[in-house]
Amino acid sequence: MRSLLAALLCVLVAAPPALADPRPALDLDAATIPQLVRRMDAGTLTAVDLTRAYLRRIDTVDRKVRSVVAVNPAALREAAESDHRRARGQARGLMDGIPVLLKDNIDTRTGATAGSRALRVPPRDDAELVKRLRAAGAVLLGKTNLSEWANFRSTRSTSGWSGVGGQTHNPHVLDRNPCGSSSGSGAAVAASLAQVAVGTETDGSIVCPAGQNGVVGLKPTLGKVSGDGVVPISARQDTAGPMARHVVDAAVLMSALEGRGADYARELTPGALRGARVGVWRKSGVDAEADRVVRSAVDVLRRQGAVVVEVDLPHQDRIDAAEFPALITEFKHDLEEYLGTRPGVPKTLGALIAFNEADPVELSRFGQELFHQAQGAPPITDPTYREQRRTATELARRSIDEVLAAHRLDAIMAPTNGPAWKTDHATGDAFELGSSTPAAVSGYPNATVPAGFAGPLPIGVSFMAGHGADAEVLRLAAAFERAAPARRAPTYLPALP
């Protein structure tokens with residue numbers, strides 16, 4: 001009997017565990033899209049596995065962050081379709097099988113609310129950018145919360161709050177604000193609730209949430225991504241763009257959003273900072289921690305062989321003075337034009353104002369002062385408005401173009417954000433530091449990348465350049481990321497000590 005037991009024990013010890021999984025562990029926070037695609041091509045990962053992993057995180061982690069307002073019930077089916085394509089050798093590129101979250105002001109057939117309870121009847125069709133993502137094989141994982149109406153309803157609104165989704169939290173410190181209207185997209189990517197997300201920006205609403213949540217964001221050149229089917233503030237400034245944990249992933253997603261054969265990831269060449277001429281717009285004196293991070297970033301640029309030139313961007317006061325009244329006029333015109341495409345929703349700004357006044361939730365946190373201002377704004381044929389728009393756009397372009405030309409620069413670097421403020425619905429946002437306006441108003445590209453921390457709170461730096469220089473700003477951001485990998489996974493602190 002003893003010999004039989006000994007023989008059996010030897011067999012059990014020598015045999016591999018029957019349920020052992022030979023596949024490598026999946027680190028969602030660290031994995032890049034190219035790495036995931038290599039694993040899917042090798043058969044050690046499926047799109048269904050990846051999608052399930054993100055759905056589990058949404059189900060558990062997002063209870064703290066509250067960044068996802070809807071999950072696509074067809075996500076696993078879309079992932080399975082991707083796996084079938086790959087098995088047949090028909091994968092559509094790097095985005096095939098990659099889970100994506102969309103800001104909830106982007107039309108899908110399942111819905112697009114812009115955070116407002118007035119838009120709960122779904123659109124008739126997908127936005128053009130959604131059709132491009134589907135054509136690329138992406139898995140549409142769901143929708144992210146946003147600052148209601150892209151933060152264009154009240155003069156004292158709180159970023160990350162909407163009547164549909166409530167308040168989104170910054171995953172690094174939960175009582176801190178996620179910033180900007182793409183707050184849900186930024187927070188979700190930081191918390192690894194999707195591989196990538198799509199945000200939208202009029203002025204700061206991609207780069208600020210990317211900076212404050214410690215991820216990468218690209219506000220593209222205006223017109224590179226279709227605005228069809230996106231709830232607008234202004235067609236003269238609005239653009240969708242990618243948000244990701246890694247610059248390469250932002251580049252891959254941007255290629256799919258733009259379509260037309262774009263391949264930004266291929267252009268992320270190593271050593272892009274060597275010999276590059278970078279202007280530094282420090283915006284110093286606003287926040288000491290941001291000043292420290294910028295000093296460190298400048299040291300990185302110099303160590304990597306870049307030529308650093310101190311610059312100041314002119315015309316900012318005049319741009320600020322002209323931009324806001326122009327947006328007020330454009331908002332009423334462009335929003336009502338969009339509402340005309342939606343079934344079962346209010347068709348005018350006045351009808352939205354009345355809806356909010358009658359709704360028990362919509363005005364519970366802050367008012368609708370900007371709606372009232374837009375309701376009384378002049379039409380887009382008004383000569384004063386036209387001069388405001390011309391002034392804002394021309395001066396914003398000059399503020400970048402003239403500095404680039406005068407110093408023979410490849411790009412301008414600036415702090416993206418200061419440390420995230422504490423969310424307070426009574427007082428609204430405590431926004432102090434940003435650099436988004438020149439690129440936003442000019443329609444030029446702006447890429448932000450994590451650069452450091454103020455305690456546990458992320459701070460990013462932005463690279464901006466001239467019209468169509470999206471590949472250049474991504475290339476510099478990727479080289480900076482490689483030289484100084486500053487991003488950290490969030491730890492979901494309830495509050496600062």
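Here the closest non-hydrogen pair linking Ile106 and Lys143 is O-NZ, 2.8 Å. In this structure, Ala188 and Ser67 approach most closely via the heavy-atom pair CB-OG, 3.5 Å.
Arg390 meets the salt bridge (Lys or Arg N to Asp or Glu O under 4.0 Å) test with Glu387, Glu394; sequence neighbours excluded. Qualifying side chain to side chain contact (heavy atoms under 4.5 Å, CB included) partners for Asn105, counting only residues two or more places apart in sequence or in other chains: Lys103, Ala114, Leu146, Thr200, Val230, Val231.
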Practice task
Give the intermediate values and the outcome of side-chain hydrogen bond (donor to acceptor under 3.5 Å, both in side chains) for residues Thr348 and Glu336.
Solution key: CA-CA 5 Å; Thr348 66; Glu336 290 185 346; 4.7 Å; no
Exercise for the section: Under the side chain to side chain contact (heavy atoms under 4.5 Å, CB included) rule, what do Gln388 and Phe324 come out as? Steps first, then yes or no, please. Expected result: CA-CA 9 Å; Gln388 290 162 343; Phe324 177 73; over 6 Å; no
Exercise for the section: Would you please test Leu55 and Val71 for side chain to side chain contact (heavy atoms under 4.5 Å, CB included) and show each step? Expected result: CA-CA 8 Å; Leu55 289 172; Val71 170; 3.5 Å; yes
Practice task
Go through Trp149 and Leu119 one step at a time and tell me if the side chain to side chain contact (heavy atoms under 4.5 Å, CB included) criterion holds.
Solution key: CA-CA 11 Å; Trp149 296 109; Leu119 298 189; 3.6 Å; yes
Practice task
Go through Arg236 and Asp334 one step at a time and tell me if the salt bridge (charged side-chain N to carboxylate O under 4.0 Å, His left out) criterion holds.
Solution key: CA-CA 10 Å; Arg236 289 81 173 165; Asp334 293 354; 3.1 Å; yes
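Arg134 has a carboxylate O that lies under 4.0 Å from a charged side-chain N of Glu78, or vice versa, which qualifies the two as a salt bridge.
Side-chain atoms of Gln212 and Asn170 form no donor-acceptor pair, as typed in the model, at a separation below 3.5 Å. Side chains of Asp126 and Thr108: a donor-acceptor N/O pair is absent below 3.5 angstrom, by distance only.
For the pair Thr144/Leu102, no side-chain contact is recorded, criterion being any heavy-atom separation below 4.5 Å from C-beta on.
When atom types are taken as modelled, the side chain of Arg57 and the backbone of Asp62 share no donor-acceptor pair closer than 3.5 angstrom.
A centroid separation of 6.0 Å or more is found between the aromatic rings of Phe152 and Phe371.
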